[in-house]
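See structure below.
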Amino acid sequence: MNGPSMNGSGMSTPVLRVEKLRKSFGDEIVLQDITFSVPEHTATVFIGASGSGKSTLLRCINLLEQVDDGTIKLDGEDISAADVNPDEVRKKLGMVFQAFNLFPHMTVLENIILAPTRVQGIREEEAIAEAFKLLERFGLRDKADQYPDRLSGGQQQRVAIIRSLARNPRLLLLDEITSALDPVLVNEVLSTVRDLKGEGMTMVLATHEMGFAKQVANEVCFLHQGKILEWGPPEVILENPKLSETREFIKRVHDAGRL
Amino acid sequence: MNGPSMNGSGMSTPVLRVEKLRKSFGDEIVLQDITFSVPEHTATVFIGASGSGKSTLLRCINLLEQVDDGTIKLDGEDISAADVNPDEVRKKLGMVFQAFNLFPHMTVLENIILAPTRVQGIREEEAIAEAFKLLERFGLRDKADQYPDRLSGGQQQRVAIIRSLARNPRLLLLDEITSALDPVLVNEVLSTVRDLKGEGMTMVLATHEMGFAKQVANEVCFLHQGKILEWGPPEVILENPKLSETREFIKRVHDAGRL
Amino acid sequence: SSSDEGGSASGDTTTCSPDSLQTVEAGVLTIATGEPAYYPWVIDDAPESGEGFEAAVAYAVAAQLGYDQSAVKWVRTTFDAAIAPGPKTFDFNLQQYSITDERKQVVDFSSPYYTSNQAIVSFKGSKIEGVTTLQGLKDAGAKLGAAVSTTSLDVIETNLGLKASVFNDNAAAVTALKNKQIDGLVVDLPTAFYLSAVEVPNGIIVGQIDGSDAGDQGFGLLLSKDNPITSCVSQAVDAIRDNGTLASITAQWLADSAGAPVLN
Amino acid sequence: MSDNRGRGTGDNSGSAPYDFGGAWQPSEIEVARRIARKKRNRKNALIAALSSLLVLGTLLVVLVTSPGWITLRDTFFKWAYGFEVLPKIILGFGTNATLTLIAGTSVALLGLLIALIRTSRSPALTPFRFLATIYVDVFRGIPMLLVILLVGFGIPALQLKGVTNNVLILGTIAVIITYSAYVAEVIRSGILTVHPSQRAAARSLGLSHIQTLRHVVLPQALKRVTPPLLNDLVALIKDTGLISILGVTDAIRAAQIQTAKSFNYTPYVMAALVFLAVTIPLTRMTDRMLRNSLERQNAQGQA
Amino acid sequence: MSDNRGRGTGDNSGSAPYDFGGAWQPSEIEVARRIARKKRNRKNALIAALSSLLVLGTLLVVLVTSPGWITLRDTFFKWAYGFEVLPKIILGFGTNATLTLIAGTSVALLGLLIALIRTSRSPALTPFRFLATIYVDVFRGIPMLLVILLVGFGIPALQLKGVTNNVLILGTIAVIITYSAYVAEVIRSGILTVHPSQRAAARSLGLSHIQTLRHVVLPQALKRVTPPLLNDLVALIKDTGLISILGVTDAIRAAQIQTAKSFNYTPYVMAALVFLAVTIPLTRMTDRMLRNSLERQNAQGQA
Ligand SMILES: Nc1ncnc2c1ncn2[C@@H]1O[C@H](COP(=O)(O)OP(=O)(O)OP(=O)(O)O)[C@@H](O)[C@H]1O
Ligand SMILES: Nc1ncnc2c1ncn2[C@@H]1O[C@H](COP(=O)(O)OP(=O)(O)OP(=O)(O)O)[C@@H](O)[C@H]1O
Ligand SMILES: [Mg+2]
Ligand SMILES: [Mg+2]
């Protein structure tokens, strides 16, 4: 079994290739036998119950957690190898955290321009101009000089998204970026993500938002107790899943009024 | 104008009565002319865009913020008066925060039993037994001895909900309790809240979840730029709103795939 | 006021002259004392004036070695700096250093320039007023104090067998005495005269402690270990003792020890 | 910019009086509430103030009417004498000030370095971490006096070529050695309080380890430990005087010399006043900065 | 409980080998990776260790071969003499230990009280806040020596009836006064780092102000400032000796007395060793507890 996105053969190297990944915390095995690929210009969406390991998977890809086993390849290069410099890897990765993780001692603007000016070496004025464009787009122009603590939950999440977008990464990892947003903004973010995909961005997302999965995903993976139980195009997984676990999950999602 | 839930006259004293409430931070007016009532055994749901002031309103009711003007009455008693003891008031109020605010130095179990044992004076064994019942119900039994930081986002939110439920408050304030939950759990929480209502609990909720609003609310209030623009039964507000702002908001929510 | 002619007759001055002595600063005799220097050892904390017992002794020794008054330079040191290993900033140091064999392993001493008993200072109405014997002090359960880095401390513990309260300096000890936190203060006899007369209200000298000079060999000039000039300095002290200069300096600056009763 | 120009442009949209149709007037209820609140606060504050005044006043009266008050006053607070010796003490304070400036900077840098080593997690740094731990344990645990003696007297005793035996330099080094151990621990505690998720976020943005420390961890860490750092700075100002055992005269030593002469403690009091004249404004300033920055950052202030 | 009994019950469901069909074996790739990682870490650690050893070794050689080494050794490290005086120093250390225990507890309580007053926000407490600020500023800023002199010599000088002139008691009070100012600031900084949302959550649960402090704020605050608190404890152990100016003999004074007799500094070194014998185990223990509790609490450890 080759896992998601490896059904076709002879394709060019995927941007991300995860193989037999395993991660445990103490006795608890959180991820097991995770194998999938993300070809260029596609989005892979992970769905699954709370605690199924979605955030942990994204953290592993970002090298924030050391895996117990398996390999992670970025553009064919094994980034889980022992001699890899995580800083170099992370320059190619963008990540938005489920808990935002904004820097409380910096204003919104400072949060956004930190990476562009320090990591990519963009001139400050340019970075600021770019930041204001994004702030404008997400309706936060007048919050530029506020500290994160003074923003509403949705506003904080939007700042976190802007912060990761400001870096033009090779692969974007998005962990439930819509969870604190109101539905209107979900739409806004959704279209932003769609735009990004249109521009050729490659993405891995974890979400509880089935609508989101349906509209953005090239492939949906259903994570259940640390394993990828089923995967395929969104139409199939979300509407016609094979396994009873997936069906059950999807059914309850529908019952909850989502999609 | 009497505001939501004051259309009928001669009713018995509502549990909560907010009148002409106003709150600003510095120059920014966050809430204005907020007037509404929550009769016993009912749920009032606030919807509105991010930053419209939902969390601030709940914080004001909980006396965590000092209002600039207006009155808040709990069971007819003016709790916004200068000589009120907030501790006494809060004993009657339960609150779940949008950002969970779990105590990081306590295990899940300790988080849950803190208030019952310290505030209500319940014996520890009893409180623990009660806590385990709730943990069981929310599928967190095996996380009882974990620290919050080790839980997934959804697990943390569930703990926060359990923590507030463990107190049997007179009025429950719930601030986007479902935002970090997966759809399956949204259902679970939804039914819990419905159960609570069935048991006679009075509630004020802020949510982005229209399905939630529809199923639980006796009355839905649409908050727009710090004002209650429109209110009424969920069928009306969610399906047949009068004002264009409300219509616009609801439409975009539908577009976002929610409800 | 120091004697200038007295010692120049001594035959040793040929080898012990400013030209041949390896002093810290060539041609200059650098003498150290404490800061502040106390009455009656130095008057008004101004050793340059030559007033006060130790100031006078210093100039007498200098003269004996062939340094005139202008070739004497005074520096101040702390107790710790005086006894520290390594190079010293002075040729000799005098601030009532008692000579002991133990100390001689670390520094050089000249032969002694003064020997005195230790004495107990107290105040009228204290519980040791009128005590006439050492046993009497013990019986009274006297609480005695002394300044650290003096041999008075030893005297309390060895000669009297009492536990001493140790203070940084005499100022602190006197304050404790005034507060009646201690019953008596042990110092060398000259200091005792001064303290009882000037600093302690209703001060008295209970008595000298008999034999308290036996443990040590009096006050000596302190020099760094194996200092080549030690013998010359010692000879100079011996010379001024032999020619009577020391006796006249003592008579001029120190009260007669006979004024205090001896406790046996 | 005049009032008129601003109108109608987006820039002005935050200005409350314009947006909400005329300046807002608090309702009667609110006015009454504010008055009641102010009244109660004032009343409580008054009670607190009076009770403190009463206690302090009683103490003062007991003090002044006690049989020994005159003696005490003459021993500790003989102002005429105090002002006489003040110049000498201020001169001595020059030593404290100079040493504090020099030692302070070095202590900050060395302490920071040690704290960073101790909070590092790379297994490769284990030996350094081990050494840093020993360093802190040892130099914090032994009396500074001994360090000063060892460095100030011991090093010259070695008679090494090319090594200074200037007591000021050696004494300063001794002070730096001891205080960097203290400061390292303070900074370390600050670093430990920054939640790991902050590092995770910074590293994910591509910031290197050093950049993460510089821009994310340390700014938060140092702000949190400002009060204990100030503690150490104030203690440093005073403790630089310990090198007076090497023969340097600082403010306290100057006072001690005077006291030893006069058997009067007023010089110490004058020295204390000189220290306070420097440390209190310093403390107040830092405190205000800290409070402002906390207030700007943290919402939910009043709970 | 035997193995068999556990099978099949819900209790056992967390045990990985059972759930996942046989014990898991790391793949070849993982094994290679672990070896490579270990190798690299070991190599780097070795380099670090060697370079530190080299530096320390060089220093040691320079020290031992220097012309003055014998003098220095005989002055500071004459072990035979050191052991001779050790009993006296240990006797003196009894004073430090006793005073630390007594003063330490009082300092903790008083420091906590002052920190709570200073971090309170109620307008009614303004006068107390003001007094607390003055207290900290003054007693932290003036040399402890003076406080000890004022209390230890000043109070007896007042000749008040019923007031002790026992130097031990008065000295302890002086130590408490000074150190509580320091400790108050440390605790305050800890309290300030607890995010206001934690208070908000606790108050919302119905906890009173005191309960919030006791169960939510202080446990977090104190843990965060453990290293600087330990700093102060270690400093306290040493500084209790300052009351020796009142005539009490502590470990350092005992050493000083011996040094004054023999003109040899080894007693100071012995005193330092006695201090270290107490402070290092204390520090190591606290550090381990702190690390454990942080590790248990914080996820995302390695970023
Ligand atoms: N540092 C840690 N130590 C121990 N257990 C952990 C740690 N981090 C995560 N876990 C556990 O791993 C499991 C997976 O967590 P993860 O955050 O990946 O879930 P998730 O799929 O993102 O859930 P959610 O949708 O609720 O965010 C959870 O049961 C969690 O308790
Ligand atoms: N302490 C504060 N200082 C300044 N502004 C604040 C503060 N708290 C909240 N605000 C502002 O008040 C407005 C309302 O915030 P609030 O958190 O009530 O919104 P919300 O409706 O809950 O939004 P969301 O759905 O995103 O949680 C926001 O614009 C926010 O920036
Ligand atoms: Mg997650
Ligand atoms: Mg909100």
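Treat the numbers as computed from the prediction; the structure is a model and nothing was measured. Throughout, a chain's letter reflects where its sequence line sits, starting with A, and its residues are numbered from 1.
- With sequence neighbours left out, Arg188(E) forms a side chain to side chain donor-acceptor pair (under 3.5 Å) with Asp287(D), Glu185(E).
- Inter-residue side-chain proximity for Tyr179(E) and Met144(E) is flagged as met; some heavy-atom pair is nearer than 4.5 Å.
- Residue pairs meeting the side chain to side chain donor-acceptor pair (under 3.5 Å) criterion with at least one member in residues 42-54 of chain E: none, sequence neighbours excluded.
- Heavy-atom distances place no part of Asn62(A) under 4.5 Å from chain E, backbone and side chain included.
- A cation-pi contact links Arg163(A) to Phe103(A), judged by a cut-off of 6.0 Å to the six-membered ring centre and 45° from its axis.
- Annotation: Phe130(E), atom CZ; neighbour count of heavy atoms from other residues, nucleotides and ligands within 6.0 Å does not exceed 12.
- Among the residues in residues 25-35 of chain E, those with a non-hydrogen atom closer than 4.5 angstrom to a non-hydrogen atom of chain A are Gln25(E), Pro26(E), Ser27(E), Ile29(E), Glu30(E), Arg33(E), Arg34(E).
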Working for side chain to side chain donor-acceptor pair (under 3.5 Å), residues Ser37(A) and Arg17(A): CA-CA 4 Å; Ser37(A) 295; Arg17(A) 168 78 187 155; 2.7 Å; yes
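- Chain E forms the most heavy-atom pairs under 4.5 Å with one residue out of Ala81(A), Ser24(A), Gly70(A), and that residue is Gly70(A).
- Take Lys223(E) and apply the salt bridge (charged side-chain N to carboxylate O under 4.0 Å, His left out) test, not counting sequence neighbours, and it matches no residue.
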